[in-house]
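What follows is a single structure, written as structure tokens, with notes after it.
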Amino acid sequence: MFRALFDLLTAPARPGLSADDATLALAVLLVRLARADDHYDTPERTHIDRILMRRRGISHPEAQAIRTEAETAERDAPDTVRFTRVLKERIAYEDRIEVIEALWDVALSDNERSPGEEALIRLVANLLGVADRDSALARQRIARGEA
């Protein structure tokens with residue numbers, strides 16, 4: 001799965017992402033966000049696992065395996081700009097809003113809004129073409145526990 005994601009970053013354009021590629025891409029962004037404040041610990045890892053389980057309908061062991069793979073991929077991933085460009089080109093707008101919701105879910109999981117995390121979410125939302133209003137509404141839904 002890891003190799004396939006990086007192949008997507010350099011391959012000619014093609015429609016859509018496979019479910020596995022989309023799940024890994026989401027996990028990479030979640031890990032990148034969790035590491036944005038230089039504090040990446042077990043509660044954040046567990047929260048990422050829960051998000052993957054809930055949003056992708058996978059088991060806990062599957063979520064852990066994907067998150068572990070995403071940790072390696074995130075460390076080696078190209079810059080956020082190139083990575084999100086591929087996602088923007090290959091997933092629907094509604095799915096991109098769900099990516100922003102998942103990022104807010106991680107950012108707000110510790111009840112603190114880190115400037116680094118907020119800056120990364122703003123960057124990712126912009127790069128994914130998600131309107132500021134939609135990102136703000138996504139944050140509000142997560143804060144209210146609606147998403």
Side-chain angles (χ1 to χ4, degrees), residues 1-2 4-6 8-9 14-75 77-147:
M1 193 176 348
F2 175 65
L5 181 64
F6 283 101
L8 285 172
L9 296 174
R14 66 175 189 173
L17 284 175
S18 73
D20 288 345
D21 291 339
T23 300
L24 182 59
L26 172 62
V28 168
L29 285 173
L30 295 175
V31 168
R32 183 161 283 181
L33 178 71
R35 289 178 171 167
D37 63 359
D38 296 322
H39 187 325
Y40 182 59
D41 56 13
T42 300
E44 287 175 308
R45 288 179 182 92
T46 301
H47 197 75
I48 290 170
D49 293 347
R50 286 186 195 133
I51 290 170
L52 293 172
M53 290 166 37
R54 185 177 70 242
R55 292 190 177 269
R56 298 298 183 204
I58 58 178
S59 69
H60 188 247
E62 289 172 309
Q64 286 178 311
I66 291 167
R67 183 204 12 96
T68 300
E69 188 171 1
E71 290 167 350
T72 301
E74 189 279 330
R75 187 175 48 248
D79 59 87
T80 303
V81 174
R82 189 171 2 159
F83 186 72
T84 53
R85 183 181 325 127
V86 171
L87 295 175
K88 181 180 178 184
E89 292 170 354
R90 298 183 183 174
I91 63 175
Y93 186 78
E94 295 77 21
D95 295 331
R96 289 182 264 149
I97 291 172
E98 288 185 18
V99 168
I100 299 303
E101 285 177 349
L103 291 170
W104 277 117
D105 201 349
V106 170
L108 299 175
S109 67
D110 59 2
N111 297 315
E112 293 181 24
R113 289 176 58 178
S114 150
E117 291 172 335
E118 286 191 23
L120 182 59
I121 293 172
R122 279 193 306 275
L123 173 66
V124 170
N126 181 287
L127 294 172
L128 289 178
V130 174
D132 291 340
R133 182 177 188 281
D134 289 333
S135 179
L137 291 171
R139 178 184 43 79
Q140 292 169 4
R141 282 190 298 274
I142 295 300
R144 290 190 305 259
E146 295 175 2

Should the heavy atoms of other residues, nucleotides or ligands under 6.0 Å from [atom1] of [X] be counted, would the total exceed 12?
X	atom1	answer
Arg133	CZ	no
Asp41	CG	yes
His39	NE2	no

Tell me, do [X] and [Y] make a side-chain contact under 4.5 Å, heavy atoms counted?
X	Y	result
Arg35	Glu71	yes
Val99	Ile91	yes
Ile48	Tyr40	yes
Leu87	Arg96	no
Leu103	Val106	no

Could you list the residues that satisfy salt bridge (Lys or Arg N to Asp or Glu O under 4.0 Å) with Arg75, not counting sequence neighbours? none
Could you tell me which residues satisfy salt bridge (Lys or Arg N to Asp or Glu O under 4.0 Å) with Arg55, sequence neighbours excluded, listed by chain and number? Glu101
Pairs under 3.5 angstrom only: tabulate donor-acceptor contacts from the side chains of residues 115-129 to other protein residues two or more places apart or in another chain.
unit_1	atom_1	unit_2	atom_2	d
Glu118	OE2	Arg113	NE	2.7
Glu118	OE2	Arg113	NH2	3.3

How many angstroms lie between atom CZ of Arg56 and atom CG of Leu26, to the nearest 0.5 angstrom? 5.0 Å
Interatomic distance, CD1@Ile66 vs CG@Leu30, rounded to 0.5 Å, equals 11.5 Å
Would you say Glu69 and Thr72 are linked by a side-chain donor-acceptor pair, where the criterion is simply a distance under 3.5 Å? no
Arg139/Asp105 salt bridge by N-O under 4.0 Å criterion: no
Specify the closest pair of heavy atoms between Ala63 and Met53, including all atoms of both residues, with the distance to one decimal. CB-CG, 3.6 Å
